[in-house]
Amino acid sequence: MVIQQALNSLQLGSIYALIALGYTMVYGVLRLINFAHGDVFMVGSYAALFLAVSLHCPLLVILPLTFIAIGLLGVVIERLAYRPLRNAPRVSAVITALAVGLFLETIMLATIGPEPKKFPALVTTTLYTFGSFTTTNLQIMIIMVSIILMIAVDLFVAKTRTGMAMRALSWDKTYAPLLGINVDRIVSVTFGMGAGLASIAGIFVGLAYPVIDPYMGIMVGWKAFVSAVIGGIGSIKGAVIGGFLLGAVEILSAAFLPSTYRDMIVFGLLLFILLFKPQGFFGLPVQKKV
Amino acid sequence: MKRKLALFLLFSAGLTCALCCDFLRLLDPYVAQILMYIGINIIMTASLNLVNGYMGEFSVGHAAFMAVGAYTASFFSISVFTHGPAPVVFFPLSLFAGGGAAALVGLLIAIPAFKARDDYLAIITLALIMITKSVFENIPWFGGPAGYSGIQKYTSLSWVFVCAAATVVVVRNLVNSNFGRGIIAVRDDEVVANLVSVDTKRVKVLAFVISAFFAGIGGGLFAHLIQFINPRTFSIIKSTDFLLMLYLGGSGTLVGPILGAGIWTILLELLRFLGIWRFAVAPVALIMLMIYRPRGIMGGKVLN
Amino acid sequence: MTNNTSHNPLFQITGLSHSFGGLKAVSHFGLTLKPGEIWGLIGPNGAGKTTVFNLITGVYKADEGTVTLGGVDLTGLPSHAIAASGVSRTFQNIRLFKSMTVLDNVRTAGYCRLDYSLASALVRTAAFREKEERLRQSAIEVLTVLGLAHRIHEPASSMPYGLQRTIELARALVNKPKVLLLDEPGAGMNPSEIEKLAATILWVRDNLGVAVVLIEHRMQLVMKLCEQVKVLNFGETIFQGKPGDLAKDETVVKAYFGEDHDAFVN
């Protein structure tokens, strides 16, 4: 039973973590909370749906194609909506982010309609039962691929030159360009990666909870945002841990409490954590300067 | 003195017009409804301006205060005043109750606001919206997830006008006082505000409570206009609407919220022929505005 | 009213200590101020001087030590209460309220003086109007004395640097403080501006009876104004005495110039 819940938590947590990574990387590099990120995740889901249903692509093709396509979407959004506001007051960027999100939702609603759509089963499910718990190959795949992606991101940021530039930018926006870092390019890469990861999460959501709708980006997006903050926004490790923590809380409260209490618990927990650790688990404490 | 007289005359003229429209049915009902929406949006935006504009915080929880006000006022109208006095007497009482309940929630939010700013306050207020929605879903007397129905249409142009005028006057008087200077000082430099004797905790509580109170009144008016509310009505999207109106008109100014609320409401109505696409056009227009005139129409104060 | 003659210490700091993490920033700092005294607080960069100010004014809660003003214990009080008791300060990097006018910057500091209720503010009672007017007059008075009368309605952020420092001083004085803490008031000024600043501080001391503690690197100002100085190095007080005796003290010279030193330049 415990292992069952653990597996379910890992699955949901992986999805939150993948989305949270996008929030945290963009925040780290731009100090911007990309409120449109949740809607990008939603678009990713629909893109995969399109590839699966209209073009009959197999999963192995859908994964990279969606990653690239939505990654490009992220880059375009940054280029058109956020880059002109790079030096504008923060509030403008936030409003713009909200507006972009609304725009994406509307496009989806207008072209596809508000009715939830069923995501095709691209993987023939095989059940594995081990005594007290049951898992599927799908669940294992989601968890494994997510973990691989998270490790890949961590290695990328830690070991590559681009990753190093991302870290430099997150520590000091003013001087990084003076060291030869092409800020525009790094920001584009960051947005691209974040969006791509979110789209993978979108595919997994479609596979695991096979109904998707244009409004799911809002709820899931905000919850992933919460994960990023709990973990300490700006920290990759934090986003991952925050995601898994949130997944666990949600699964466990759904297991033991009526479903209408779930959101209350999740957000109540968030407030509780912020009370004691206002910068999240791995965030940097804010120092008063006089 | 002359200015006060002029404003009083303006108010009286406005109220007279509103009363005439209400009782003589001078306006097309659709136009009257739009005007009432504008009025309610003015109340919401002007009250949000206190916290997000003058105090420079980033609260996304305004819809939660509206929800509390809407549900409480409706509860009072339906269940408390069932055998009570005439609507013209108990409706303002219901509204006041809604405002009061929202103010209490505002007090609750002010406390974490002592320490948290910017992004963290955004998260806390976001949590507030989710929790509020969850709470109303779980209370059976308010209709649960299905919603609260049977609310009578007591909202009229006159009530909306009076409440909107009150909101604007209160915000104006507050801002041009000791407390107002304290609020702006908190925005500009909170640490230094404390060091020059401003009791920032008290000031923050004041701002949140007053802001929430009027948001609650707006919620009560809203509920008694559309006559049906459910927990999903007061979502993050609703909060986003008010944020958009505030920054469109120019935050941190007196006229900004009025302009923003008016223009956004009318714009969305004018674009109604586009159907769902107006929610694609409007955000794009807003993005253009942010890129080319981020301070909003009235040139409000923006934080860096 | 107790007889608080100029022989009784007005402002007393004892054993003030504070660490940040493992680093001891201030170690057993003590000071006794009488009304009208001007003290200098000097030392190399990072010695802990501004930290002392921050501890006194409640920005940080000191690990140890007490601060009393006129017998009232200020230790551990929130910053706004300390300010309301009569301790005012200025800042190393000018920190005016950028979106306010000059007048409003000064009026904001009068927050503790205005005791009208919220209701009176909203309804604009006569009491409200009267108290606001009195504060306004006080603020204009201070600004006039400091030479800013003609610019009170301008936005504070658009004023030239030197005038911004003056506005900060006005803001610190509007409540008629008993103790004035000035953090590098002469930074960025040329010698003639420093002369004017010194004259202003002396005027303030002579006419308002404030006690002043001055953090400064400009020896010109220290020599001119301070009757006594304390030197801090790595949070410890390494010298206390007359400014004239500074150059003769080995520890002080070593602190500033290291083991190999030149003459102490003025």
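Throughout, protein chains are lettered first and strands after them, A, B, ... in sequence-line order, and every chain is numbered starting at 1. This structure is a prediction, so every number in the text was calculated from the model and none was measured.
The environment of CZ in B/Phe96 is sparse: at most 12 heavy-atom neighbours from other residues, nucleotides or ligands sit within 6.0 Å. In the displayed structure, C/Arg205 atom CZ is contacted under 6.0 Å by more than 12 heavy atoms of other residues, nucleotides or ligands.
Top candidate by heavy-atom pairs under 4.5 Å with chain C, chosen from B/Asn176, B/Val171, B/Val198, B/Ile184, is B/Val198. The greatest number of non-hydrogen atom pairs below 4.5 Å with chain C, out of B/Asp189, B/Ile210, B/Asp199, is found for B/Asp199. The candidate with the highest count of non-hydrogen atom pairs below 4.5 Å against chain B, out of C/Val174, C/Leu122, C/Leu96, C/Val123, is C/Leu122. Most heavy-atom pairs under 4.5 Å with chain B, from the set C/His80, C/Glu132, C/Met100: that is C/His80. Heavy-atom pairs under 4.5 Å with chain C peak, among B/Lys201, B/Arg181, B/Arg172, at B/Arg181.
Under the 6.0 Å distance and 45° angle rule, C/Lys230 counts as a cation-pi partner of C/Phe29. A cation-pi arrangement is not found for C/Lys131 relative to C/Tyr116, the charged atom failing to lie both closer than 6.0 Å to the ring centre and inside a 45° cone about the ring normal.
Under 3.5 Å, the side chains of C/His217 and C/Asn45 contain a donor-acceptor pair of N or O atoms. No donor-acceptor contact under 3.5 angstrom links the side chains of C/Thr66 and C/Thr75, judged on distance only. Side-chain atoms of C/Thr90 and C/Arg171 form no donor-acceptor pair, as typed in the model, at a separation below 3.5 Å.
Of the two parts of C/Leu135, only the side chain, counted from C-beta on, holds a non-hydrogen atom closer than 4.5 Å to a non-hydrogen atom of chain B. Both the backbone and the side chain of C/Thr108 come within contact range of chain B, with heavy atoms under 4.5 Å apart. For C/Arg113, no part lies near chain B; criterion is any non-hydrogen pair under 4.5 Å. Only the side chain of C/Asn175 comes within contact range of chain B, judged by heavy atoms closer than 4.5 Å.
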